[in-house]
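Below is one structure, written out as C-alpha cells; comments come after it.
For clarity, every value in this text was computed on a predicted model and none was experimentally measured. In what follows, every heavy atom counts, from backbone to side chain, and hydrogens, waters and symmetry copies are set aside.
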Amino acid sequence: MPQEEPGFQRARLRDRLKKARESAGLKQREVAEQLDWSPSKVIRIEAGTVGVSVTDVRVLLTHYGITDPEQVQALTDIAREARRPPWWAPFRTWVTQEFETYLGYESSASILRSFQPDLVPGLLQTEEYAREVLMRLNTGAERTEQLVQLRLERQDRLVHADGPELFFILDESVIRRTVGSQETMKRQYEKLLAVNEMPNVTVLTVPFSAGLYRQLRTTYVLFQFADDEDEMVAYLENANGEVIFSEKALGRTSQHRPTDYLDDFWEVEREVANEVTREFLFGQE
C-alpha cells in the first residue's frame, strides 16, 4: 500500500473533524466560544489554512463526545503524520502549491487512473522524454533538471510491482507525436511495454480508427484511496487551466464529478481502448 503523505493526511483530518462536529450538532462559532478559542480558529482548522496540533485534536474530540480509544488514537496518529515534511520537500522551490496538492493525492492513492490525449504521462516517461517536454516549457535549465529528477523520483515510488494499481489510457496521438528524436521515442515505446508487464500496471491505447469518444480532449487523473471514507479526487486539465476537486467539492471549471470521469474512463476502457502492443507502437518491423 502507498504511504499516505502529510498533505493528504491533513485533508483527511480536516474532513474527520468537520464530520465529528456536525455529528455533535455544533456550529463552528459555538465550538470556538465553548473552548474559549478565537472565533476564526475552528474555521481555519476545517479550511486547512492552519495546522492542528495533537493537543487541539484531543480537545476537539473530547468536546465532540468521541471517547473511543481506537478512534481517538487513529485521529491523533493522523495529526502527527500530517505535521511531518513530505518526501518532495527538497523540490518545493521548483513546484507550485497546486502541484504539491497533486503530489499528495498521487502518493497516497491506492488506485490511479490517467487519461492522456497529448503526451506520455509523467509516471511513464523516460528521462530523455521528460527532459525534452520540460525544456519545451521554457522552465530554465536548473528548474528543468530539478523537475526531471522529481519526475523520476515519483516513478521510483509508485511504478513498481508492489505499488498502487495504475491504469493509463493514451490516445494514439500520444504515440505518433515525436518528442525529441526517433531514438527517444523508441526508448519511450520500450518503457511503455516494460511497465505494462507489471501485475498492477495497465497501459491502454485508443487508435485513431476509434473516432471520437468521451472526454477525448481532456487530460484527467482520478485518485481513489484505500479508506472508503476518503472521497475520490479528480485532476483536470483543459483550456481553462488545471483544477483538483473531490466528489462533494466540484471544481471551478467542471460541473462533472470525479465519478462522472470514472464512468467515462470505464466506457473508453471497455469499448474503444486496446492493450498496448509492440506492433501498435513500432508497426511492422
Side-chain angles (χ1 to χ4, degrees), residues 8 96 98-99 101-125 129-130 133-134 136-137 151 154-155 158-159 163-179 185 188-189 191-192 195-196 200-225 230-277 280-281:
F8 179 75
T96 63
E98 290 76 13
F99 193 63
T101 301
Y102 179 96
L103 289 172
Y105 288 127
E106 181 184 78
S107 300
S108 305
S110 58
I111 303 175
L112 181 151
R113 293 179 174 87
S114 174
F115 172 76
Q116 256 291 352
D118 300 310
L119 296 168
V120 173
L123 288 177
L124 301 182
Q125 293 175 3
Y129 188 105
V133 170
L134 291 166
R136 293 291 181 178
L137 296 176
R151 193 157 294 186
R154 289 165 57 203
Q155 294 178 13
L158 294 177
V159 189
E165 291 184 72
L166 303 174
F167 298 88
F168 302 92
I169 298 179
L170 315 181
D171 187 79
E172 185 171 353
S173 61
V174 175
I175 305 303
R176 304 306 169 212
R177 176 174 289 105
T178 301
V179 174
M185 293 306 298
Q188 180 63 72
Y189 294 161
K191 179 160 186 172
L192 293 177
V195 297
N196 193 49
N200 56 316
V201 180
T202 300
V203 182
L204 304 173
T205 57
V206 183
F208 290 142
S209 60
L212 302 178
Y213 55 91
R214 297 176 72 135
Q215 302 299 342
L216 166 63
R217 301 174 63 189
T218 303
T219 296
Y220 62 96
V221 183
L222 303 174
F223 305 108
Q224 287 180 260
F225 308 98
D230 296 321
E231 293 183 69
M232 181 186 296
V233 171
Y235 165 83
L236 182 66
E237 285 183 18
N238 59 28
N240 296 314
E242 305 172 25
V243 65
I244 298 175
F245 55 98
S246 65
E247 189 68 10
K248 293 179 181 177
L250 295 183
R252 298 185 303 276
T253 60
S254 176
Q255 294 305 307
H256 296 294
R257 298 179 184 276
T259 46
D260 295 328
Y261 285 96
L262 178 61
D263 287 342
D264 292 340
F265 193 95
W266 278 355
E267 180 175 312
V268 175
E269 180 180 20
R270 189 170 56 248
E271 296 186 2
V272 296
N274 304 310
E275 189 162 0
V276 67
T277 64
F280 181 80
L281 295 177

Criterion ring pair (Phe, Tyr, Trp, His ring centres under 6.0 Å) against His256, the qualifying member of Phe245, Tyr220, Tyr261: Tyr261
Validation row: Glu106, Val221 side chains within 4.5 angstrom (heavy atoms): no
CD-CG distance between Glu165 and Asn200, expressed to the nearest 0.5 angstrom: 7.5 Å
Whether Gln215 side chain and Thr218 backbone form a donor-acceptor pair below 3.5 Å: no
Worked check of ring pair (Phe, Tyr, Trp, His ring centres under 6.0 Å) between Phe223 and Tyr102: CA-CA 10 Å; Phe223 305 108; Tyr102 179 96; 5.4 Å; yes
Donor-acceptor contact below 3.5 Å, side chain Gln155 vs main chain Gln125: yes
Verdict with reasoning, Ser108 to Phe225, per side chain to side chain contact (heavy atoms under 4.5 Å, CB included): CA-CA 7 Å; Ser108 305; Phe225 308 98; 4.3 Å; yes
Separation between OG of Ser209 and CG of Asn274, rounded to the nearest 0.5 Å: 8.0 Å
Val206 versus Val268, closest heavy-atom pair with distance: CG2-CG1, 3.8 Å
Interatomic distance, Tyr105 atom OH to Leu112 atom CG [nearest 0.5 angstrom]: 13.5 Å
CG-CG distance between Leu192 and Asn196, expressed to the nearest 0.5 angstrom: 8.5 Å
Show me the donor-acceptor pairs, under 3.5 Å and distance only, between side chains in residues 169-176 and residues at least two apart or in other chains.
unit_1 : atom_1 : unit_2 : atom_2 : d
Asp171 : OD1    : Tyr213 : OH     : 2.6
Asp171 : OD2    : Ser173 : N      : 3.0
Asp171 : OD2    : Ser173 : OG     : 2.9
Glu172 : OE1    : Phe208 : N      : 2.6
Glu172 : OE2    : Arg176 : NE     : 2.9
Glu172 : OE2    : Arg176 : NH2    : 3.3
Ser173 : OG     : Pro117 : O      : 2.5
Arg176 : NH1    : Phe280 : O      : 3.3
Arg176 : NH2    : Phe280 : O      : 2.7

Side-chain heavy-atom pair Tyr129, Leu124 within 4.5 angstrom cut-off: no
Test item: Leu103 and Arg154 side chains (from C-beta on) under 4.5 Å apart, heavy atoms: yes
Residue list, side chain to side chain contact (heavy atoms under 4.5 Å, CB included) with Thr202, at least two apart or on another chain: Phe167, Leu204
Nearest heavy-atom neighbours spanning Leu216 and Phe115: O-CE2, 3.6 Å
Non-neighbouring partners of Asp260 that pass side chain to side chain donor-acceptor pair (under 3.5 Å), sequence neighbours left out: none
Within 6.0 Å of CG in Leu212, more than 12 heavy atoms from elsewhere: no
Note, Gln224 side chain near Arg113 side chain (heavy atom, < 4.5 Å): yes
Closest contact, heavy atoms only, Pro164 versus Ser110: CB-O, 3.4 Å
Between CG on residue Asp118 and CD on residue Glu237, distance to nearest 0.5 Å: 8.5 Å
Euclidean distance, Glu242 CD relative to Thr101 OG1, rounded to 0.5 Å: 11.5 Å
Student check: side-chain heavy atoms of Val276 and Phe168 closer than 4.5 Å: no
